Enquirer: 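Just passing along the structure, written as C-alpha cells.
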Amino acid sequence: MVRLAKYLFAAALLLVAAALVYGAIGYSDALSNAEDLARRADALIAEGRGGDDLGGERLKQLLMVQDPTFHDHAGVDLTTAGAGLTTVTQSLAKRTAFENFKPGIGKIRQTGYAICLEQRLSKDQIMALWLDTVEMGTGPDGWMKGFYSASEAVYGKSPAELSDRQFLSLVAVLIAPSRYDLLREDPQLEDRVARIERLVAGSCAPADHGDVWLDGCRAE
C-alpha cells in the first residue's frame, strides 16, 4: 500500500507539472502574439468598433451576461454567479491561440494564454478583439463573426443604433450561436432575451457560478 501510494503521488506530481508546462506554453504563445494583437485592437477602437462604442449602458449589460467581473479579474473567474467556465479573455484566447480548440487539456493552454493577454493588453483592447471575433450564428449571407458585423448584417445598423430588444438579441445568441435564429421568429431566442431583460433590470440573478443559461431568471 505504501508503494502504491508513492506511485500515485508521483503520478499526480507529473500531471501537475505537465499542466503547468502546457499552461506556460500558452502564456509564451500570447507573449509572442501580444504586439500584433494590440495593434489590431487599436485599429478596431480607432474605427469605432470597441466596447465603449456599443453605446450607453450596453457594454455593462453585455458583461452582466458574458463576464460579470471582466474589469476586475486577471483572465479567470471561478466564483462569480453566472460567470461559467470561460471569461471573455479566455474566449478570445480560444479563437486566437487555436486553429481547432479541443476542450479538456486545451483549457490549460487557453488559460495560460488568457493570463498573458491580461498582462500585455488593456481591457479595452481585449474587448475590441473579442467583439471582432465572436461567433454570432447564421445571418443573411451565411455564418457571421463579429458583434458589429452581425449587427450590420441582421439589422442594417451599428449596435449603438439598435433598439434595446435588438441589442439583447445579439447578446443572447453569444452563448450558443448555432442554436438560435436571428432572422426568423424563434421562441428559444425570445425566452433567452426575456431572461436577459430581467437580469439587466435587476429583477433576478444567476443561481450560481455555472448558471450561464440564466435559470435564475426564468419566468415564474
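Predicted, not measured: the structure shown is a model, and the values here were computed from it. Excluded from the calculations below are hydrogen atoms, water molecules and symmetry mates; all remaining heavy atoms, backbone and side chain alike, are included.
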Enquirer: Can you find a pair of side-chain heavy atoms, one from Val171 and one from Gln61, that are under 4.5 Å apart?
Expert: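 They are not in side-chain contact.
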
Enquirer: Which residue in the set Leu174, Val193, Leu189 passes side chain to side chain contact (heavy atoms under 4.5 Å, CB included) when paired with Tyr180?
Expert: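 Exactly one option meets the side chain to side chain contact (heavy atoms under 4.5 Å, CB included) with Tyr180, and it is Leu189.
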
Enquirer: If you compare all heavy atoms of Ala128 against all heavy atoms of Ala41, which two are closest, and at what distance to 0.1 Å?
Expert: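 Taking every non-hydrogen atom into account, CB-O, 4.1 Å.
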
Enquirer: For residues Thr87 and Asp77, is any side-chain donor paired with an opposing acceptor at under 3.5 Å?
Expert: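 Note: Thr87 and Asp77 side chains miss the donor-acceptor criterion.
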
Enquirer: Do Val76 and Leu85 sit in one hydrophobic cluster, given that two such residues count as connected whenever their side-chain heavy atoms are within less than 4.5 Å of each other, even indirectly?
Expert: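 No, because Val76 and Leu85 fall into different hydrophobic clusters, even though each may have its own neighbours under 4.5 Å.
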
Enquirer: Does the side chain of Ser158 come under 3.5 Å of the side chain of Glu161 through a donor N or O and an acceptor N or O?
Expert: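 Judged by distance alone, the side chains do pair up.
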
Enquirer: Quick one, Thr89 and Phe70 - any side-chain contact, counting heavy atoms below 4.5 Å?
Expert: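 They are in side-chain contact.
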
Enquirer: Return the minimal non-hydrogen interatomic distance between Leu199 and Ala205, and the atom names on each side.
Expert: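 Heavy-atom minimum between the residues: CD1-CA, 4.3 Å.
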
Enquirer: Leu214 pairs by side chain to side chain contact (heavy atoms under 4.5 Å, CB included) with which of Asp191, Ile196, Ile175?
Expert: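 The single option meeting the side chain to side chain contact (heavy atoms under 4.5 Å, CB included) with Leu214 is Ile196.
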
Enquirer: Output the distance between atom CD (Glu57) and atom CG (Leu62), rounded to the nearest 0.5 Å.
Expert: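 If we round to the nearest 0.5 Å, Glu57:CD and Leu62:CG are 12.5 Å apart.
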
Enquirer: How long is the span from the CG atom in Leu117 to the CG atom in Leu129, to the nearest 0.5 Å?
Expert: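 Result: 8.5 Å between the selected atoms.
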
Enquirer: Does a side-chain N-to-carboxylate-O contact under 4.0 Å join Glu35 and Arg120?
Expert: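 No, Glu35 and Arg120 are not salt-bridged.
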
Enquirer: Between Glu47 and Tyr148, do the side chains contain an N or O donor and an N or O acceptor separated by less than 3.5 Å?
Expert: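 No, no side-chain donor-acceptor contact under 3.5 Å.
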
Enquirer: Measuring from Arg49:CZ to Leu131:CG, what's the distance to the nearest 0.5 Å?
Expert: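 Taking CZ in Arg49 and CG in Leu131, the distance rounds to 9.5 Å.
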
Enquirer: Taking Thr80 for the side chain and Thr69 for the main chain, is one N or O donor matched with an acceptor at less than 3.5 Å?
Expert: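 Judged by distance alone, no pair lies under 3.5 Å.
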
Enquirer: Measure from the side-chain N and O atoms of His209 to the backbone N and O of Gly84, and report whether any donor-acceptor pair falls under 3.5 Å.
Expert: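 A pair under 3.5 Å: yes.
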
Enquirer: Looking only at side chains, do Lys107 and Thr86 share a donor and an acceptor under 3.5 Å apart?
Expert: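 Lys107 vs Thr86: donor-acceptor pair found between side chains.
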
Enquirer: So do Asp132 and Lys145 actually touch side chain to side chain, heavy atoms under 4.5 Å?
Expert: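 No, their side chains stay 4.5 Å or more apart.
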
Enquirer: Start with the C-alpha distance between Thr111 and Gln90, add both sets of side-chain angles, then the distance that settles side-chain hydrogen bond (donor to acceptor under 3.5 Å, both in side chains), and finish with yes or no.
Expert: CA-CA 6 Å; Thr111 299; Gln90 287 173 303; 3.1 Å; yes

Enquirer: Is Tyr113 close to Leu92 at the side-chain level, that is, under 4.5 Å between some pair of heavy atoms?
Expert: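 No, their side chains stay 4.5 Å or more apart.
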
Enquirer: At what distance, to the nearest 0.5 angstrom, does CH2 of Trp143 lie from OG of Ser178?
Expert: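 Trp143 atom CH2 to Ser178 atom OG measures 5.0 Å (nearest 0.5 Å).
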
Enquirer: Quick one: are the ring centres of Phe167 and Phe147 less than 6.0 Å apart?
Expert: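 Ring centroids of Phe167 and Phe147 are less than 6.0 Å from each other.
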
Enquirer: When rounded to the nearest 0.5 angstrom, what distance separates CE in Met127 from CG in Leu44?
Expert: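 Here the rounded value is 12.5 Å.
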
Enquirer: Are Val88 and Val200 linked, directly or through intermediate hydrophobic residues, by side-chain heavy-atom contacts shorter than 4.5 Å (ILVMFWY only)?
Expert: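 Per the 4.5 Å side-chain linkage, Val200 and Val88 are co-clustered.
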
Enquirer: May I ask you to check if Arg179 and Trp213 form a cation-pi contact, with NZ or CZ under 6.0 angstrom from the six-membered ring centre and within 45° of the axis?
Expert: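 Arg179 over Trp213 ring: yes.
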
Enquirer: Do the side chains of Met144 and Leu183 join up, straight or via other hydrophobic residues, at under 4.5 Å, putting them in one cluster?
Expert: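 Result: yes, single cluster for both.
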
Enquirer: If you look at every heavy atom in Ala114 and Ala93, which pair is closest and at what distance?
Expert: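 Answer, listing the atom of Ala114 first, then Ala93: N-CB, 4.1 Å.
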
Enquirer: Mind running side chain to side chain contact (heavy atoms under 4.5 Å, CB included) on Glu152 and Lys157 for me, showing each step along the way?
Expert: CA-CA 5 Å; Glu152 292 153 4; Lys157 306 173 185 177; over 6 Å; no

Enquirer: Please answer whether the main-chain N or O of Ser122 pairs with a side-chain N or O of Gln125 as donor and acceptor at a distance below 3.5 Å.
Expert: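 Checking the backbone N and O of Ser122 against the side chain of Gln125, a donor-acceptor pair under 3.5 Å is found.
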
Enquirer: Can a salt bridge be assigned to the pair Asp42 and Arg39 using a cut-off of 4.0 Å between side-chain N and carboxylate O?
Expert: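 The answer is no: the pair does not qualify as a salt bridge.
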
Enquirer: Could you measure the distance from the CD atom of Gln166 to the OG atom of Ser151? Nearest 0.5 Å is fine.
Expert: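 Those atoms lie 8.0 Å apart.
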
Enquirer: Taking all heavy atoms of Ala153 and all of Pro140, pick out the closest pair and write down the distance.
Expert: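 Closest heavy-atom pair between Ala153 and Pro140: O-CG, 3.3 Å.
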
Enquirer: I'd like to know if the side chain of Ser91 pairs up with that of Arg95 as donor and acceptor (distance under 3.5 Å, no hydrogens or angles considered).
Expert: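 The criterion, which ignores hydrogens and geometry beyond distance, is satisfied for Arg95 and Ser91.
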
Enquirer: Testing the basics here: between Leu170 and Ala150, what is the closest heavy-atom pair and its distance to 0.1 Å?
Expert: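 Heavy atoms of Leu170 and Ala150 come nearest at CD2-CB, 4.4 Å.
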
Enquirer: What pair of heavy atoms forms the shortest contact from Arg58 to Leu162, and how long is it?
Expert: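 What the structure gives for the nearest pair is NH2-O, 2.7 Å.
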
Enquirer: More than 12 heavy atoms of other residues, nucleotides or ligands under 6.0 Å from NZ of Lys60: yes or no?
Expert: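 For Lys60, atom NZ is not crowded (no more than 12 foreign heavy atoms under 6.0 Å).
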
Enquirer: Run the side chain to side chain contact (heavy atoms under 4.5 Å, CB included) check on Thr133 and Arg40 step by step: do they pass?
Expert: CA-CA 12 Å; Thr133 57; Arg40 180 178 164 191; 3.2 Å; yes

Enquirer: Is the closest side-chain heavy-atom distance between Arg198 and Ser203 below 4.5 Å?
Expert: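 Arg198 vs Ser203: side chains touch.
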
Enquirer: Answer yes or no: is there a side-chain heavy-atom contact under 4.5 Å between Arg184 and Asp181?
Expert: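 The answer is yes, as the side chains (C-beta and beyond) meet within the 4.5 Å cut-off.
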
Enquirer: Do Glu185 and Glu190 have side chains that get closer than 4.5 Å, going by heavy atoms?
Expert: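 Side-chain contact under 4.5 Å: no.
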
Enquirer: Between the side chain of Arg109 and the main-chain N/O of Ala97, is any donor-acceptor distance below 3.5 Å?
Expert: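 Judged by distance alone, yes, a pair lies under 3.5 Å.
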
Enquirer: Taking the side chain as every heavy atom from C-beta outward, state whether Asp211 and Asp208 have any pair of such atoms under 4.5 Å apart.
Expert: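 The answer is yes, as the side chains (C-beta and beyond) meet within the 4.5 Å cut-off.
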
Enquirer: Run His71 and Leu63 through side chain to side chain contact (heavy atoms under 4.5 Å, CB included) and show every step you take.
Expert: CA-CA 9 Å; His71 289 294; Leu63 289 175; 3.7 Å; yes

Enquirer: Using a strict threshold of under 4.0 Å (side-chain N to carboxylate O), is an ion pair present between Lys94 and Glu135?
Expert: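 No salt bridge links Glu135 with Lys94.
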
Enquirer: Starting from Ile45, can I reach Ile126 by hopping between I/L/V/M/F/W/Y residues whose side chains sit under 4.5 Å apart?
Expert: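 Cluster IDs for Ile126 and Ile45 differ.
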
